[in-house]
Amino acid sequence: MVNTNLYNILKERGLLYQCSNEEQFKKKLESGEPLVVYEGSDPTADSLHIGHCVPYCILRRFQQAGHKVLLLMGGATACIGDPSGKSDMRKMLTKEEINHNIEKIKDTLKVFLDFDGDNPAEIVNNGDWFSKINYIDFMREYGVHFNINKMLASEIYNNRLESGGLTFFEMGYMPMQAYDFVHLNREKGCTIQYGGADQWGNIVAGVELQRKLNFQNGTDIELIGATNPLLLTPEGKKMGKTEKGAIWISKDKISAYDFYQGVYQTPDACVEMMFALFTDIDMNEVKAICKEDIVKAKQRLSYEITKFVRGEEDAKIAEEATKSLFGGGAQNLDNVPTFTIESAQVDNISIIDVVTLSKLCASKSDARRMIEGGGIYLNEEKVTDTRAMLTSADLKEGYALLRKGKKNYVKVVVE
């Protein structure tokens, strides 16, 4: 049974930003017929942070509504690298690296989508079909439909053009992604592609390629492209990272506490959208929460997203650790991130080294700047000397508590 209210849900939650034919898109979603929708990602790393997962949150709603979801892993396109918004050509990965990344990412995707049951999500790899296509045949059949002037006018290539470094190699990215849409329509019956707003040019290229093929072949196939708004910080950067680093989805890359705190650092302007994406809370309630008390809204958001991604137990652990640290004294530090040093290092290791090695700061120079700016605390006392050492006098019950700024803690434990 298909939920015919999906279009309204996407609109109410602000998850539909651009659409190549919104009227037809609405009709399709309200028709009661199951559709096939896909989102494409290039496996350029072996893990995902929270910013990568925006499209998967939307695909989750398509699957819950009864539609078939395809996740395209760009085994072929990753060999080129998407030039969108880039000032430098992306690092070229080996096929072995790409296949390794795909396998690792699959486990993460299970957080968002169901790969079992009556309507399982399916992972496809464009390396499977591009490896069978002859270059000359591809260019004769599909490359002829791409106008270079129109391609260069696309925002996708802007930064690379401005840097004077756009290569013919990168120009192949758009035709390849466009063909993905055509291929998935032929092989899987896919008619909708959803992606981030920064992918609009690539998505529309697939829609237009099919239109030209319709004219050429006398067919009448309509593909629809849609995007979600990007989650951007006030500085215009994509969300997913904080001053401590990426908010990783994989549990082995980040503690529950750091994940929770990373979500808590969500800019005020992005809180509503994060609720819309990662929770099912009614948007009227969300708007009321944010308007009444943005701090409480962030606390609720942090708990809900941690619960969704990592499970309720981790959410409670992180919430309890946060209350212990910020609720009138650090009374229970069991769930605070820890960094272990050997007893021989006590009195022989600098605070700068501890702060850096524990990842509280990204580098020694960053740690030095934080100390000089009054942003590092040892056992709740400000560290003022960049030459300060961690001494036995700083250890209470076998540990010391370091803090960076107002929110980031690490418990230094001696073994």
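Values below: all heavy atoms of this structure, side chains included; hydrogens, waters and symmetry mates excluded. FYI, the numbering just counts along the sequence from 1.
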- prompt: Quick one: are Phe308 and Thr279 in side-chain contact, heavy atoms under 4.5 Å?
  reply: no

query: Is it true that a side-chain atom of Asp293 and a backbone atom of Lys296 form a donor plus acceptor pair closer than 3.5 Å?
result: yes

Which pairs would a plain distance check flag for residues 108-119, meaning a side-chain donor or acceptor within less than 3.5 Å of a matching protein atom at least two apart in sequence or in another chain?
{"residue": "Asp114", "atom": "OD1", "partner": "Asp116", "partner atom": "N", "Å": "2.9"}
{"residue": "Asn119", "atom": "ND2", "partner": "His67", "partner atom": "O", "Å": "2.9"}

message: I need the full list of salt bridge (charged side-chain N to carboxylate O under 4.0 Å, His left out) pairs touching residues 44-72, with sequence neighbours left out, sorted by first then second residue.
response: Arg60-Asp280, Arg61-Asp280, Lys68-Glu122

Contacts of type ring pair (Phe, Tyr, Trp, His ring centres under 6.0 Å), residue Tyr194, not counting sequence neighbours: Phe62

query: Does the pair Lys28 and Glu33 meet the rule for a side chain to side chain contact (heavy atoms under 4.5 Å, CB included), with working shown?
result: CA-CA 7 Å; Lys28 281 179 174 288; Glu33 294 295 321; over 6 Å; no

query: Can you name the salt bridge (Lys or Arg N to Asp or Glu O under 4.0 Å) partners of Arg310, sequence neighbours left out?
result: Asp314

message: Treating Asn217 as the side-chain partner and Thr219 as the backbone partner, does any N or O pair qualify as donor plus acceptor under 3.5 Å?
response: no

message: Checking Glu39 now: which residues fulfil salt bridge (Lys or Arg N to Asp or Glu O under 4.0 Å) with it, not counting sequence neighbours?
response: none

field: Residues forming a side-chain contact (heavy atoms from CB on, under 4.5 Å) with Ser131, sequence neighbours excluded
entry: none

query: Does a side chain donor of either Tyr399 or Asn379 reach within less than 3.5 Å of an acceptor in the other side chain?
result: no

message: So, using salt bridge (Lys or Arg N to Asp or Glu O under 4.0 Å) as the criterion, who are the partners of Lys307 when residues are at least two apart?
response: none

From CA spacing to verdict: side chain to side chain contact (heavy atoms under 4.5 Å, CB included), Thr4, Leu29: CA-CA 6 Å; Thr4 58; Leu29 292 182; over 6 Å; no

message: Strictly distance-based, threshold 3.5 Å: is any side-chain N or O of Thr227 a donor or acceptor partner for the main-chain N or O of Gln18?
response: yes

- prompt: For residues 199-220, which residue pairs qualify under salt bridge (charged side-chain N to carboxylate O under 4.0 Å, His left out), counting only residues two or more places apart or in two chains?
  reply: Lys150-Glu208

- request: Taking only Lys NZ, Arg NE, NH1 and NH2, and the carboxylate oxygens of Asp or Glu, determine whether Glu103 and Lys106 approach each other closer than 4.0 Å.
  value: yes

Any Met274 side-chain heavy atom under 4.5 Å of Lys298 side chain: no

message: Holding to ring pair (Phe, Tyr, Trp, His ring centres under 6.0 Å), I want the full list of residues that pass it with His52, two or more places apart in sequence or in another chain.
response: His49

- prompt: Do Asn202 and Gln199 get their side chains close enough for a donor-acceptor pair, meaning under 3.5 Å?
  reply: yes

message: Tell me which one of Asn125, Asn126, Val124 satisfies side-chain contact (heavy atoms from CB on, under 4.5 Å) with Asp128.
response: Asn125

- prompt: Which atom names give the shortest non-hydrogen contact between Pro175 and Met151, and what distance separates them?
  reply: CD-CE, 3.9 Å

- request: Quick one: closest heavy-atom pair of Gly225 and Ile203, and the distance?
  value: CA-CG2, 3.5 Å

query: So, for Ile371 and Val383, which heavy atoms are closest and what is the spacing to 0.1 Å?
result: CG2-O, 3.5 Å

query: Taking the side chain from Asn101 and the backbone from Pro43, do they hold a donor-acceptor pair closer than 3.5 Å?
result: yes

query: Ser41 versus Tyr56: any side-chain heavy-atom pair under 4.5 Å?
result: yes

Stepwise side-chain hydrogen bond (donor to acceptor under 3.5 Å, both in side chains) test for Glu372 and Thr386: CA-CA 7 Å; Glu372 291 171 346; Thr386 57; 5.2 Å; no

field: Asn228 side-chain N/O to Leu15 backbone N/O, donor-acceptor pair under 3.5 Å
entry: no

- prompt: Between Lys26 and Glu30, is the closest basic N to carboxylate O distance under 4.0 Å?
  reply: yes

query: Side chains of Asp180 and Trp129: do they bring a donor and an acceptor to under 3.5 Å?
result: yes

query: Does Ser250 reach the main-chain N or O of Asp252 with its side chain, forming a donor-acceptor pair under 3.5 Å?
result: no

query: Hey, are the side chains of Val263 and Phe278 touching, using non-hydrogen atoms and a 4.5 Å cut-off?
result: no

Please tabulate, for the side chains in residues 133-144, all donor-acceptor contacts under 3.5 angstrom to protein atoms that are two or more places apart in sequence or on a different chain.
{"residue": "Asn134", "atom": "OD1", "partner": "Ile136", "partner atom": "N", "Å": "2.9"}
{"residue": "Asn134", "atom": "OD1", "partner": "Asp137", "partner atom": "N", "Å": "3.1"}
{"residue": "Tyr142", "atom": "OH", "partner": "Arg186", "partner atom": "NH1", "Å": "2.8"}

- request: List the steps and the verdict of side chain to side chain contact (heavy atoms under 4.5 Å, CB included) for Leu209 and Leu223.
  value: CA-CA 10 Å; Leu209 175 58; Leu223 304 183; over 6 Å; no

query: Thinking salt bridges, do Arg13 and Glu272 make one under a 4.0 Å N-O criterion?
result: no

field: Contacts of type salt bridge (Lys or Arg N to Asp or Glu O under 4.0 Å), residue Glu222, not counting sequence neighbours
entry: none

message: Determine whether a donor-acceptor pair (N or O, by modelled atom type, separation under 3.5 Å) exists between the side chain of Ser358 and the backbone of Val355.
response: yes

field: Sequence neighbours excluded, every pair satisfying ring-ring contact (aromatic ring centres under 6.0 Å, His included) that has a member inside residues 7-44
entry: Tyr38-Phe181

message: Quick check: do Leu378 and Leu401 have side-chain heavy atoms less than 4.5 Å from each other?
response: no

field: Heavy-atom side-chain contact between Leu402 and Val412 under 4.5 Å
entry: yes

Under-4.0 Å salt bridge between Glu285 and Arg300: yes

- prompt: Can you find a pair of side-chain heavy atoms, one from Cys190 and one from Leu70, that are under 4.5 Å apart?
  reply: yes

- prompt: Is the shortest heavy-atom distance from the side chain of Arg368 to the side chain of Asp366 under 4.5 Å?
  reply: no

